[in-house]
Amino acid sequence: MSINDLKRLLYLREILGGEIMLFSKFFAPTSKDIPSDVKIASHQLMLRAGMISQAASGIYYWLPLAVRVLEKIMKIICEEQDKIGANKVYFTTVQPAELWIESGRYDDYGKEMLRITDRKGGKFLYSPTNEEQATDVFRKYIKSYKGLPTILYQIHWKFRDEIRPRFGVMRGREFLMKDGYSFASTFEEAEKIYHKVFKSYIRTFRRMGLTPIPVQADSGAIGGNMSHEFQILAQTGESTLYYDKKLLTASDEELMKVFAVTDEKYDPNTSPIPQSELMVSKGIEVGHIFYFGKKYSEPMNAFVLDKNGQKLYPEMGSYGIGVSRLIAAIIEAFHDERGIIWPEPVAPFDVTLLNLHTSNKDCVGACNKIYRALSESKEVLYDDRDMSIGEKLGDADLIGIPWQIIVGEKNLSQGVVELKNRKTGEIAKLSVDEVIGRFLKK
RNA sequence: CCGGGUUUAGCGAAGUUUGGUAUCGCGCUUGGUUUGGGACCAAGAGACCGUGGGUUCAAGUCCCGCAACCCGGACCA
């Protein structure tokens, strides 16, 4: 930091007081260079916006801008999980192999599982999923039917050693996932939980500005239709969805029953709905829920005693949301040729304040006043960087914060600043007080 | 896992055919001029050319092995 930078920083701190979010001090290494071999928009934009940086194939550093979005997403998920009575825990990222040997999956899981040996030669693995651990925690503490039903969930890093990672964090090997596990005394109770989670997932994704499409998924050996994937419509999606157009207008209650499947399960000969009612779209899978009965409770000897003192093996289900993938999915759904357009609930900041003329006292004064007023109730990124105007405006569009307040000397000499909506591109010229008023009302 | 490709400064590339000790753009540093859509001038810093071996007086360049990474496909939150 040069002496001038330091002086300016101290000056701003003095004027604004306390914590200020200055772009010049915020670690968001933006770039105008488009990596040539990066194919999809979300991957390109995340790199260009300085959100992620590759550490190894399918493994990424998460930089501050992305972290802020991850935190917004996690907060929404946790609030919705709380509403259905799920308990948040942290299982572990490194697990002893014993549990997987017990469930019978240690040999089945294959090379996707990263196997680790500790200094004593003990067998461990990096969690690709946590059914065994959830079952283990459950069996250690819950001994009576009165402890049912129970839902445990976590948001934690997972690792699956994909053969072919691609599309940035969309299909990385290391990923952040919300995974929940339910324990119920009867099938009926398990079904009730499943429905509750289903509806909760719809709400969760909607709160992020997304339109989730629940599709029936393969529930494997258990059978039945108690498995759904939640897909987000996006042209670059890896799945092809076939669904009844009623789906887009159905109420939450009806949603689970409306026809929707991915291409693997679609057969025009047996389709329950006519061609004229059918929609076909590309989707990105961001959630998956399923019921799997006693698949883990029995082999792992997780039981409670029922009213008659008899062993009862709980009916289980598991519920996943790809948190890190969601960031990419949201960008796929919301971007234009200039950059990202964040939905407000998950935006890294609410508003970005651009000082186009950092050496102009009036501009500095206006920006400081706006920052001070808005930062009481909004998250504001103040672009105080001393660089060319095009670069600052370009970065603002790239980063995609929903609102831009643009302060420049020409407009300010007329007594106005600009308020730009990133999504619509609409620009309003308002006085400093008016622009403050706009945000304090919201 | 099958097929194709790449690896030279922080990033992106040229140089490899024809062996002679590395070039350009962006970025970075310093100073100055600029300021409404990625500006200009000047002066700098920065590379054991992915890695191991071989051929040669001499290897970024030729030969052999290995690794990492990317793309398409088959598979997965």
Side-chain angles (χ1 to χ4, degrees), chain A residues 1-5 29-40 43 47-48 50 53-59 109-113 127-130 155-180 201 217-218 220 227-232 237-239 262 264 283-290 318-329 337-339 354-360 363 385-398 404 406-414 416-418 420 425 427 429:
Chain A
M1 205 190 308
S2 75
I3 299 291
N4 282 339
D5 284 344
T30 57
S31 161
K32 65 183 172 193
D33 295 325
I34 302 167
S36 57
D37 52 5
V38 169
K39 297 293 180 226
I40 67 166
H43 189 191
L47 289 168
R48 287 190 49 213
S53 173
Q54 183 168 300
S57 179
I59 304 176
Y109 212 88
K111 290 186 175 176
E112 274 200 346
M113 184 156 76
S127 299
T129 179
N130 296 72
I155 298 177
H156 222 192
W157 295 93
K158 306 275 189 295
F159 191 90
R160 292 184 192 171
D161 198 358
E162 294 278 345
I163 299 167
R164 177 81 169 83
R166 67 183 82 188
F167 305 143
V169 301
M170 187 80 84
R171 231 176 103 179
R173 293 192 292 172
E174 185 180 64
F175 56 97
L176 187 60
M177 184 176 169
K178 173 265 165 181
D179 48 324
Y201 269 32
D218 199 349
S227 178
H228 284 86
E229 289 175 4
F230 292 81
Q231 300 267 350
I232 298 307
E238 289 192 88
S239 321
T262 54
E264 310 95 68
I284 299 168
E285 184 185 348
V286 293
H288 196 165
I289 62 177
F290 47 97
S318 80
Y319 315 94
I321 294 178
V323 176
S324 49
R325 174 181 281 185
L326 259 172
I327 289 204
E337 63 292 341
R338 295 191 154 278
L354 306 185
N355 184 348
L356 298 188
H357 303 276
T358 50
S359 54
N360 178 306
C363 289
R385 296 174 303 168
D386 186 19
M387 49 171 51
S388 75
I389 289 160
E391 207 165 345
K392 295 171 91 156
L393 295 170
D395 273 357
D397 288 345
L398 173 63
Q404 301 172 11
I406 303 168
V407 178
E409 59 192 8
K410 277 184 199 157
N411 276 319
L412 197 60
S413 68
Q414 308 293 311
V416 295
V417 299
E418 286 177 351
K420 177 176 164 184
I427 293 174
K429 294 197 178 188

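Lettering follows sequence order; numbering is per chain, from 1. What's counted below: heavy atoms across the whole structure, side chains too, no hydrogens, waters or symmetry copies.
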If you pin A:Leu412 and A:Gly58 to their nearest nucleotides in RNA chain B, which one's is more 5'?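 Nearest-nucleotide comparison on RNA chain B picks A:Leu412.
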
Of A:Ala56 and A:Arg160, whose closest RNA chain B nucleotide lies nearer the 5' terminus?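 Mapping each residue to its closest nucleotide by heavy atoms, the 5'-most match is A:Ala56.
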
[atom1] atoms of [N] and [M], separation to the nearest Å:
N     : M     : atom1 : answer
B:G46 : B:U29 : C1'   : 10 Å
B:A14 : B:U8  : C1'   : 10 Å
B:G27 : B:C48 : P     : 23 Å
B:G20 : B:G36 : P     : 49 Å
B:A9  : B:G15 : P     : 15 Å
B:G10 : B:U55 : C1'   : 35 Å

From the set [options], return the single nucleotide nearest to any side-chain atom of [X].
X        : options             : result
A:Glu162 : B:G72, B:A77, B:G36 : B:A77
A:Arg338 : B:C76, B:G37, B:G38 : B:G37
A:Ile389 : B:A77, B:C71, B:G36 : B:G36
A:Ile163 : B:C71, B:A74, B:G37 : B:A74
A:Arg48  : B:C76, B:G38, B:U35 : B:G38
A:Arg325 : B:G36, B:A77, B:C75 : B:A77
A:Gln54  : B:G36, B:C75, B:C70 : B:C70
A:Arg171 : B:C75, B:G36, B:G38 : B:C75
A:Ser388 : B:G72, B:G38, B:C70 : B:G38

A:Ser318 versus A:His288, side-chain donor and acceptor atoms under 3.5 Å: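 Their side chains do not contain a donor-acceptor pair, so the 3.5 Å distance test is not met.
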
Do the side-chain N or O atoms of [X] get closer than 4.0 angstrom to the phosphate oxygens (OP1, OP2) of [N]?
X        : N     : result
A:Ser57  : B:C70 : yes
A:Arg166 : B:G73 : yes
A:Lys32  : B:G38 : no
A:Arg164 : B:G72 : yes

Base, sugar-phosphate or nothing for [X]? Non-hydrogen atoms, less than 4.0 Å.
X        : value
A:Gly172 : base
A:Asp179 : nothing
A:Asp397 : base
A:Lys178 : nothing
A:Gly320 : nothing

With both distances under 3.5 Å as the test, what is the Watson-Crick or G-U wobble partner of [N]?
N     : value
B:U6  : B:A68
B:C75 : none
B:U17 : none
B:A39 : B:U33
B:C62 : B:G54
B:G44 : B:C28

Could you give the distance from CZ (A:Phe175) to CD (A:Glu162), rounded to the nearest 0.5 Å?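 It comes to 7.5 Å.
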
To the nearest 0.5 Å, what is the distance between CG on A:Asp161 and CD on A:Glu112?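 Separation between the atoms: 8.0 Å.
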
Any salt bridge linking A:Asp395 with A:Arg338? Criterion: basic side-chain nitrogen under 4.0 Å from a carboxylate oxygen.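 Salt bridge: no.
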
Closer than 4.0 angstrom, basic N to acidic O: yes or no for A:Glu238 and A:Arg171?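 Salt bridge: yes.
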
Determine the minimum heavy-atom distance between A:Gln231 and A:Thr262, stating which atoms define it.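 Answer, listing the atom of A:Gln231 first, then A:Thr262: NE2-CG2, 3.9 Å.
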
Which atoms form the tightest heavy-atom contact between A:Leu356 and A:Ile389, and what is the distance?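 Shortest heavy-atom separation between A:Leu356 and A:Ile389 comes out as O-CG1, 3.8 Å.
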
Got a donor-acceptor pair under 3.5 Å from the side chain of A:Glu409 to the base of B:G36?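 Not at all, since no donor on one side and acceptor on the other fall under 3.5 Å apart.
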
Indicate yes or no for a side-chain donor-acceptor contact from A:Arg48 to the backbone of A:Leu398 under 3.5 Å, with no hydrogens or angles considered.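 It does not hold such a pair.
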
Output the rounded distance in Å from CG (A:Asp386) to P (B:C28).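 Interatomic distance, CG of A:Asp386 to P of B:C28: 12 Å.
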
